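Structure record follows, encoded as structure tokens.
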Amino acid sequence: PAKNRVLLNLGGIANITYLPANCSPQDVIAFDTGPGNCISDHLCRTRDPGGPGYDVDGARALRGNADTKLELACLRHRYFRRKHPKSTDGPEMIAMFEQALQQSVLWMNLPLDDLVATAASITVHSIRDAILRLEKEEERSFATHHRIFHAIGSFVGTVQFVFFQCLAVALCILVCS
């Protein structure tokens, strides 16, 4: 590509592929950023066993209020401090969330909608943070080719579209500058 690009794949786990401008195959960087919808699906399956097992149309996340303290407790997990390349899986991210949840009685009693909103916010902010960290680590490429100009996403379903809307807001300074 003529400009820097980040490709985002959002499933149970979110991952990005960074394509520097005019890159060769060995310049490509790809890694998992953290949870996609694995935490919200887990919450829906375990806290509403009679329900559909996922956040239909992102309605719960949109109705809920993310708990920023719980989110920050999760984002302090060692996975998010590792440098790329790195890889994770759903069970590791779910365990991270459940361990953070156990730290406070207040968090354990949050309504399901707030828990799902928090899970969605963790996804958005872990992707944003990974892209910002990548930008810092790859400064020479960004300095040469002027930051990320194209962010391209791959997703299935409405709930993931909600993630992309939130991510667009979180990354506005990156995508637009």
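Side chains included, hydrogens not; waters and symmetry mates left out as well; all remaining heavy atoms used. Just so it is clear, the structure is predicted and the values come from calculations on it, not from any experiment.
Residues I127 and I29 share a single hydrophobic cluster, defined by chaining ILVMFWY side chains whose heavy atoms lie under 4.5 Å apart. The cluster map of Ile, Leu, Val, Met, Phe, Trp and Tyr, joined by side-chain heavy atoms under 4.5 Å apart, puts I39 and I13 in the same cluster. Placement of Y79 and V124 in two distinct hydrophobic clusters is found when ILVMFWY residues are connected by side-chain heavy-atom separations under 4.5 Å, directly or transitively.
With rounding to the nearest 0.5 angstrom, the CG atom of D55 is 9.5 Å from the CG atom of N37. Expressed to the nearest 0.5 Å, how far CZ of R78 lies from CE of M96 amounts to 10.0 Å. I16 CD1 to H84 NE2: the interatomic distance, rounded to the nearest 0.5 Å, is 8.5 Å. Taken from CZ in R5 to SG in C23, the straight-line distance is 10.0 Å, to the nearest 0.5 Å.
Taking the side chain as every heavy atom from C-beta outward, L115 and F97 approach each other to under 4.5 Å. In this structure the side chain of H125 reaches within 4.5 angstrom of the side chain of S121, judged on heavy atoms. At least one side-chain heavy atom of L10 sits under 4.5 Å from a side-chain heavy atom of T123. Here the side chains of L8 and I131 are not in contact, with every heavy-atom distance at 4.5 Å or above. Side-chain contact between T17 and V6 is absent, with no heavy atoms from C-beta onward closer than 4.5 Å. With a 4.5 Å cut-off on side-chain heavy atoms, T33 and N15 do not count as touching.
Closest heavy-atom contact between M93 and P35: SD-CD, 3.4 Å. Smallest separation of non-hydrogen atoms from A117 and A61: CB-O, 3.5 Å. Nearest heavy-atom pair, G90 versus C38, reported as atom, atom and distance to 0.1 Å: CA-SG, 3.9 Å.
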List the atom pairs, donor and acceptor, that lie under 3.5 Å between side-chain atoms in residues 102-109 and the rest of the protein, sequence neighbours left out.
residue: S104; atom: OG; partner: L106; partner atom: N; Å: 3.1
residue: W107; atom: NE1; partner: D67; partner atom: OD1; Å: 3.2
residue: N109; atom: ND2; partner: V105; partner atom: O; Å: 3.1

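Side-chain N or O atoms of R63 include none that pairs as donor or acceptor with a backbone N or O of D114 at under 3.5 Å. Counting only distance, with no hydrogens or angles, the side chain of K86 and the backbone of F31 share no donor-acceptor pair below 3.5 Å.
The closest side-chain donor-acceptor pair between D129 and S126, if any, does not fall under 3.5 angstrom. For the residue pair T118/E71, the side-chain donor-acceptor check at 3.5 Å is not satisfied. When only modelled atom types and interatomic distance are considered, E98 and H42 share a side-chain donor-acceptor pair under 3.5 Å. Side chains of S87 and D32: a donor on one and an acceptor on the other come within 3.5 Å.
Just one residue in the list L110, V116, L112 forms a side-chain contact (heavy atoms from CB on, under 4.5 Å) with R47, and that residue is L112.
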Practice problem: Please test D48 against R60 for salt bridge (Lys or Arg N to Asp or Glu O under 4.0 Å), starting from the C-alpha separation and ending with a verdict. | Solution: CA-CA 12 Å; D48 184 16; R60 286 191 178 280; 3.3 Å; yes

Practice problem: Quick one: do R82 and E92 satisfy salt bridge (Lys or Arg N to Asp or Glu O under 4.0 Å)? Show the steps, please. | Solution: CA-CA 14 Å; R82 282 190 230 154; E92 180 182 14; 3.5 Å; yes

